[in-house]
Amino acid sequence: MPMSTLIFLAILSLSVLTFPVAIGSDPSPVQDFCVGVNTPADGVFVNGKFCKDPKLATIDDFFFTGLDRQRVATNALGTNVTPVFADNLPGLNTLGIAFARVDYAPNGQIPPHTHPRASEFLIVQEGSLYAGFVSSDQDGNRLFTKILNKGDLIVFPVGLIHFHVNVGRGPAVAFTAFNSQNPGLITLAKSVFGSNPRINPNALAKAFQLDPRIVTILQTKF
């Protein structure tokens with residue numbers, strides 16, 4: 001076998017071995033930390049943020065408080081999300097993680113959505129949640145669900161549609177974590193029926209097997 005072919009096969013094999021790792025989470029940092037700031041005066045641009053001079057970093061860049069406080073869930077879905085991302089905890093920049101607290105009113109929910117860049121785990125702090133995810137078309141769109149109670153944890157694989165709904169008698173609280181500092185968010189109903197500009201109702205009507213007038217009504221909701 002020619003040497004060039006052997007070299008090509010070796011490179012291809014290495015690529016196959018390393019590619020899943022490369023896309024599994026954010027790239028590993030090459031320094032202790034890169035505290036994110038919004039001004040270029042402080043350093044280089046990394047992961048969407050400028051880095052503060054490491055010598056100017058303080059403990060407050062890595063500290064967040066208040067996640068013990070209950071939030072009022074007043075939106076239409078009956079939930080209130082408190083994110084802990086690099087935008088409000090700058091020390092998270094380049095570390096490949098993010099966090100959030102979710103408060104649910106009775107019957108409140110986080111509707112079907114995906115995170116294109118991260119897997120997620122959710123742990124229930126208070127109340128009971130009906131939570132689950134749907135596998136891909138190739139897997140037959142299987143539904144995986146569980147009733148979660150205090151102390152229970154569920155994992156949502158990266159990119160799959162998932163949801164969580166408060167099915168208890170009172171408020172609920174959960175904490176979520178992601179293996180990306182910017183997991184992304186695509187809410188299905190909002191993306192499909194609330195896109196800007198709107199998707200042609202006739203196209204959606206055929207996709208969902210609905211009357212175009214119903215699609216138009218749904219588009220007015222988002």
Subject >> Test item: Arg169 and Pro106 side chains (from C-beta on) under 4.5 Å apart, heavy atoms >> reply: no
Original post:
Any donor-acceptor pair under 3.5 Å linking the side chain of Ser195 with the backbone of Pro197?
Top reply: yes
Original post:
With no hydrogens and no angle check, is any side-chain donor or acceptor of Asn179 less than 3.5 Å from a backbone partner on Ser119?
Top reply: yes
Original post:
If you count the non-hydrogen atoms of other residues, nucleotides and ligands that lie under 6.0 Å from CG in Asn107, is the total more than 12?
Top reply: no
Original post:
When rounded to the nearest 0.5 angstrom, what distance separates CG in Leu143 from OG1 in Thr145?
Top reply: 5.0 Å
Original post:
Stepwise, does the side-chain hydrogen bond (donor to acceptor under 3.5 Å, both in side chains) test hold for Asn93 with Gln181?
Top reply: CA-CA 7 Å; Asn93 189 46; Gln181 76 172 59; 3.0 Å; yes
Original post:
Do Asp32 and Pro54 come within less than 4.5 Å of each other through their side chains, counting heavy atoms only?
Top reply: no
Original post:
Ser136 and Leu160: which non-hydrogen atoms are nearest, and at how many Å?
Top reply: N-CD2, 4.1 Å
Original post:
Would you call His113 and Ile161 a side-chain contact if the rule is heavy atoms closer than 4.5 Å?
Top reply: no
**OP:** State which residues pass salt bridge (charged side-chain N to carboxylate O under 4.0 Å, His left out) with Asp87; sequence neighbours excluded, sorted by chain then number.
**Re:** Lys49
Original post:
Is it true that Val155 and Ile123 fall in one hydrophobic cluster, defined by side-chain heavy atoms closer than 4.5 Å?
Top reply: yes
**OP:** Would you mind checking if Lys150 and Asp152 are paired as a salt bridge, meaning a charged N to carboxylate O distance below 4.0 Å?
**Re:** no
**OP:** Output, in order, the C-alpha distance, side-chain angles, deciding distance and verdict of side-chain contact (heavy atoms from CB on, under 4.5 Å) for Phe64 and Asn88.
**Re:** CA-CA 8 Å; Phe64 188 95; Asn88 56 354; 3.6 Å; yes
**OP:** Over all heavy atoms of both residues, which pair between Ala172 and Gly127 is shortest? Give the atoms and the distance, please.
**Re:** CB-CA, 4.1 Å
**OP:** Using the side-chain contact (heavy atoms from CB on, under 4.5 Å) rule, take Phe99 and Ile97 through it: C-alpha gap first, then chi angles, then the decisive distance, then the call.
**Re:** CA-CA 7 Å; Phe99 194 74; Ile97 53 175; over 6 Å; no
**OP:** Taking the side chain as every heavy atom from C-beta outward, state whether Asn166 and Tyr130 have any pair of such atoms under 4.5 Å apart.
**Re:** no
**OP:** Please check if Val84 and Ile110 belong to a single hydrophobic cluster, counting links between Ile, Leu, Val, Met, Phe, Trp and Tyr side chain heavy atoms closer than 4.5 Å.
**Re:** no
Original post:
So, does Thr216 use its side chain to make a donor-acceptor pair with the main chain of Pro212 at under 3.5 Å?
Top reply: yes
**OP:** Determine yes or no for a side-chain-to-main-chain donor-acceptor pair under 3.5 angstrom, with Ser180 supplying the side chain and Gly96 the backbone.
**Re:** no
Subject >> Counterpart residues, ring-ring contact (aromatic ring centres under 6.0 Å, His included), relative to Phe85 (two or more places apart) >> reply: none
Subject >> Side chains of Asp61 and Leu89 in contact at under 4.5 Å (non-hydrogen atoms) >> reply: no
Original post:
Measuring from Asn80:CG to Gln70:CD, what's the distance to the nearest 0.5 Å?
Top reply: 10.0 Å
Original post:
CD1/Ile154 to CG/Leu122 distance, rounded to the nearest 0.5 angstrom?
Top reply: 7.5 Å
Original post:
Given the rule that I, L, V, M, F, W and Y join up when any side-chain heavy atoms are under 4.5 Å apart, are Tyr104 and Leu148 in one cluster?
Top reply: yes
Original post:
Can you tell me how far CG of Asp103 sits from OG1 of Thr82, rounded to the nearest 0.5 angstrom?
Top reply: 6.0 Å
**OP:** Supply the atom-to-atom distance Thr114 OG1 to Glu120 CD, rounded to the nearest 0.5 angstrom.
**Re:** 11.0 Å
Original post:
So, Arg101 side chain and Phe175 main chain: donor-acceptor pair closer than 3.5 Å or not?
Top reply: no
Original post:
According to a 4.5 Å side-chain heavy-atom criterion applied to Ile, Leu, Val, Met, Phe, Trp and Tyr, with indirect links allowed, do Phe156 and Leu188 form part of one hydrophobic cluster?
Top reply: no
Original post:
Between Arg117 (side chain) and Asn182 (backbone), is there a donor-acceptor pair under 3.5 Å?
Top reply: yes
Original post:
Taking atom types as modelled, is there a side-chain donor on His164 or His162 under 3.5 Å from an acceptor on the other?
Top reply: no
Original post:
Between Arg142 and Val134, is any pair of side-chain heavy atoms under 4.5 Å apart?
Top reply: no
**OP:** Evaluate the side-chain contact (heavy atoms from CB on, under 4.5 Å) criterion for residues Leu129 and Ile147: first the C-alpha distance (whole Å), next the side-chain angles of each, then the deciding distance (0.1 Å), finally the verdict.
**Re:** CA-CA 6 Å; Leu129 301 179; Ile147 299 295; over 6 Å; no
Original post:
When you measure from the side chain of Asn200 to the backbone N and O of Asn202, does any donor-acceptor pair fall under 3.5 Å?
Top reply: yes
**OP:** Please report the shortest heavy-atom distance between Pro111 and Phe163, naming the atom on each side.
**Re:** C-CB, 4.1 Å
Subject >> Side chain to side chain, Leu185 and His115, heavy atoms closer than 4.5 Å >> reply: yes
Original post:
Any link between Val192 and Phe222 through a network of hydrophobic side chains (Ile, Leu, Val, Met, Phe, Trp, Tyr) touching at under 4.5 Å?
Top reply: yes
Original post:
How far does CZ of Phe193 sit from CD1 of Ile217, to the nearest 0.5 angstrom?
Top reply: 11.5 Å
Subject >> Flag, side chain of Gln219 to backbone of Ile199, donor-acceptor distance under 3.5 Å >> reply: yes
**OP:** Taking the side chain as every heavy atom from C-beta outward, state whether Phe62 and Phe33 have any pair of such atoms under 4.5 Å apart.
**Re:** yes
